[in-house]
Amino acid sequence: MPQRITLSDIAAQAGVSTATVSRVLNGKSNVAYATRQQVFVALDLLGYERPASLQDTSRGLVGLIIPELSNPIFPIFAQRIEQILAADGHTPLLCTQHPGATSEDEYIAMLMERSVAGIIFVSGRHADTTADLTRYERLRERGIPIVTVNGNTAGLRSPGFTTDDAAAASMGVRHLFSLGHRRIGLAMGANRMVPAKRKLEGYTRTMCELLPDEPLRTVESLFTYESGVSAAQQLLDAGCTGIICGSDVLALGIIQGARSRGLSVPEDVSVIGYDDSPLIPMMNPPLTTVRQPVDAISRAAVACLMAQVSGEKVEETELFFQPDLVVRGSTTVAPKD
């Protein structure tokens with residue numbers, strides 16, 4: 001070990017005693033698994049490469065299939081799920097989908113060939129109301145446990161863990177209404193996807209409750225910056241002074257679209273995102289957004305998968321997690337007509 005890194009350094013970083021660090025480094029067995037992982041994380045953070053004798057043997061491979069990484073929320077989910085799996089002694093196999101590249105079905109076939117212990121699907125075909133669900137039934141028939149994250153379409157028999165998208169949209173409408181906005185729009189993803197459908201339901205229900213005489217102003221869009229710019233034009237043409245978005249990236253495009261018309265955010269139009277991606281507080285203005293409880297969802301999904309791997313029977317239902325509205329600088333009182 002380099003002289004500049006001491007047992008005390010590692011102990012301080014891991015939050016354990018130097019005696020515990022010493023036992024871990026010497027391969028002693030009288031250390032709890034979670035504590036060993038704390039020490040390993042400290043070694044990694046301090047830039048110390050673990051000797052081969054300290055590297056854990058995996059308890060099993062777990063597939064993690066996620067969409068493309070351009071939307072910041074997916075790398076966040078991937079990193080958190082991988083951390084939790086690794087802490088439990090499992091090796092995650094990250095499978096990232098790209099348009100025109102490896103499909104979900106191809107990844108499933110590859111993971112089955114590698115005899116994975118289970119598979120976690122994040123925002124996959126399970127959330128697409130037009131998808132064929134037999135791919136998941138085949139996994140069940142082969143005894144491969146699965147869990148899903150971010151929306152189960154009707155008819156899917158699998159435990160799922162998701163943010164309450166309807167509640168998220170409702171929070172956005174109520175926040176803008178409290179600021180005096182009446183012409184409130186929604187820019188969401190494709191309506192065939194369960195999260196988008198639920199956001200539309202929450203938006204529609206709350207608008208009808210609070211503003212029954214106002215027309216609904218909605219745009220289906222991709223979760224890209226460029227799509228946000230385009231959606232902004234449609235919603236601004238419809239007279240919106242407040243816009244709720246299906247993702248933070250989409251919201252940034254909306255802001256740029258407003259600025260391209262000489263409008264200011266939030267003075268002329270207020271914008272709400274969704275996800276609370278890491279860099280969002282640093283935007284100008286800092287984005288008001290609805291935060292997904294990534295840690296809680298990830299922990300629940302992994303715990304459910306591990307229970308199935310251990311032979312436990314679990315409920316084949318979807319568990320909803322409440323989001324949080326994080327108010328920042330992109331929303332303010334409605335402009336006067």
Side-chain angles (χ1 to χ4, degrees), residues 70-73 76 163 165 167-190 195-196 199-200 202-204 206-292 323-337:
S70 59
N71 187 333
I73 194 62
I76 295 170
T163 302
D165 290 288
S170 180
M171 286 178 181
V173 173
R174 293 183 186 281
H175 175 61
L176 292 173
F177 179 82
S178 72
L179 295 172
H181 294 271
R182 298 299 179 262
R183 299 189 299 276
I184 300 171
L186 172 68
M188 59 183 183
K199 288 184 178 72
L200 179 59
Y203 164 83
T204 301
T206 310
M207 287 290 292
C208 290
E209 173 191 340
L210 300 178
L211 299 164
D213 296 327
E214 283 290 335
L216 302 178
R217 301 170 171 91
T218 64
V219 173
E220 285 187 56
S221 180
L222 300 176
F223 292 125
T224 66
Y225 179 85
E226 293 76 15
S227 295
V229 174
S230 176
Q233 308 313 314
Q234 299 177 62
L235 292 171
L236 293 172
D237 285 344
C240 292
T241 64
I243 300 175
I244 302 161
C245 303
S247 76
D248 290 337
V249 174
L250 192 56
L252 297 181
I254 293 282
I255 291 174
Q256 179 55 37
R259 287 173 174 166
S260 71
R261 295 173 62 142
L263 301 176
S264 296
V265 176
E267 291 78 12
D268 298 312
V269 58
S270 289
V271 179
I272 299 177
Y274 181 78
D275 288 334
D276 197 27
S277 310
L279 298 180
I280 287 305
M282 306 174 196
M283 299 295 105
N284 182 25
L287 185 66
T288 294
T289 190
V290 178
R291 176 184 296 154
Q292 291 205 61
D324 294 310
L325 178 68
V326 183
V327 178
R328 299 191 180 103
S330 67
T331 53
T332 191
V333 295
K336 295 182 179 180
D337 294 329

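On a predicted model such as this, the values are computed, not experimentally measured, just so you know.
Legend: residues meeting side chain to side chain contact (heavy atoms under 4.5 Å, CB included) with Ala168, ordered by chain and number and at least two apart, are Tyr274, Val290, Pro323. Qualifying side chain to side chain contact (heavy atoms under 4.5 Å, CB included) partners for Pro72, counting only residues two or more places apart in sequence or in other chains: Val249, Ser277. For Thr332, the side chain to side chain contact (heavy atoms under 4.5 Å, CB included) criterion is met by Pro266, Ser270, not counting sequence neighbours. With sequence neighbours left out, Asp237 forms a side chain to side chain donor-acceptor pair (under 3.5 Å) with Arg261. Qualifying side chain to side chain donor-acceptor pair (under 3.5 Å) partners for Arg182, counting only residues two or more places apart in sequence or in other chains: none. With sequence neighbours excluded, no residue forms a side chain to side chain donor-acceptor pair (under 3.5 Å) with Thr204. Judged as a salt bridge (Lys or Arg N to Asp or Glu O under 4.0 Å), and not counting sequence neighbours, Asp248 has no contacts. The salt bridge (Lys or Arg N to Asp or Glu O under 4.0 Å) search around Glu209 returns Arg174, not counting sequence neighbours. Contacts of Glu267 classified as salt bridge (Lys or Arg N to Asp or Glu O under 4.0 Å), with partners at least two apart in sequence or in another chain: none. In this structure Ser330 satisfies the side chain to side chain donor-acceptor pair (under 3.5 Å) test with no other residue, sequence neighbours excluded.
Residues Gln234 and Cys240 fail the side-chain proximity criterion, which asks for heavy atoms closer than 4.5 Å. Side chains of Ile272 and Thr331 form a contact here, defined as non-hydrogen atoms less than 4.5 Å apart.
Side chain of Arg183 to backbone of Gly239: a donor-acceptor contact under 3.5 angstrom is found. Judged by distance alone, with hydrogens and angles left aside, the side-chain atoms of Tyr203 form a donor-acceptor pair with the main-chain N or O of Ile184 at under 3.5 Å.
Separating the OG atom in Ser170 from the CE atom in Met207 is a distance of 11.5 Å, to the nearest 0.5 Å. The NZ atom of Lys199 lies 8.5 Å from the OG atom of Ser247; values are rounded to the nearest 0.5 Å. Atom CE of residue Met282 and atom CG of residue Leu287 lie 13.5 Å apart, to the nearest 0.5 angstrom. The CG atom of Leu252 lies 11.5 Å from the OG1 atom of Thr224; values are rounded to the nearest 0.5 Å. The distance from atom OH of Tyr225 to atom OG of Ser230, rounded to the nearest 0.5 Å, is 13.0 Å. One finds the CD1 atom of Ile255 at 10.5 Å from the CG atom of Leu250 (value rounded to the nearest 0.5 Å).
Across all their heavy atoms, Pro285 and Gly329 have their closest contact at CB-O, 3.7 Å. Of all heavy-atom pairs spanning Ala187 and Ala231, the tightest one is CB-CB, 4.4 Å. Nearest heavy-atom pair across Gln292 and Thr163 is OE1-OG1, 2.7 Å.
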Go through Leu186 and Ile243 one step at a time and tell me if the side chain to side chain contact (heavy atoms under 4.5 Å, CB included) criterion holds. CA-CA 6 Å; Leu186 172 68; Ile243 300 175; over 6 Å; no
Quick one: do Val219 and Met188 satisfy side chain to side chain contact (heavy atoms under 4.5 Å, CB included)? Show the steps, please. CA-CA 6 Å; Val219 173; Met188 59 183 183; over 6 Å; no
One pair to check against side chain to side chain contact (heavy atoms under 4.5 Å, CB included): Leu210 and Val173. What are the steps and the verdict? CA-CA 9 Å; Leu210 300 178; Val173 173; 4.2 Å; yes
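For residues 273-291, the salt bridge (Lys or Arg N to Asp or Glu O under 4.0 Å) pairs, not counting sequence neighbours, are Asp276-Arg291, Asp276-Arg328. Among pairs with a residue in residues 250-260, none fulfils side-chain hydrogen bond (donor to acceptor under 3.5 Å, both in side chains), at least two apart in sequence or across chains.
Here the options are Ile254, Thr289, Thr288, the test is side chain to side chain contact (heavy atoms under 4.5 Å, CB included), and the partner is Val271; only Ile254 passes.
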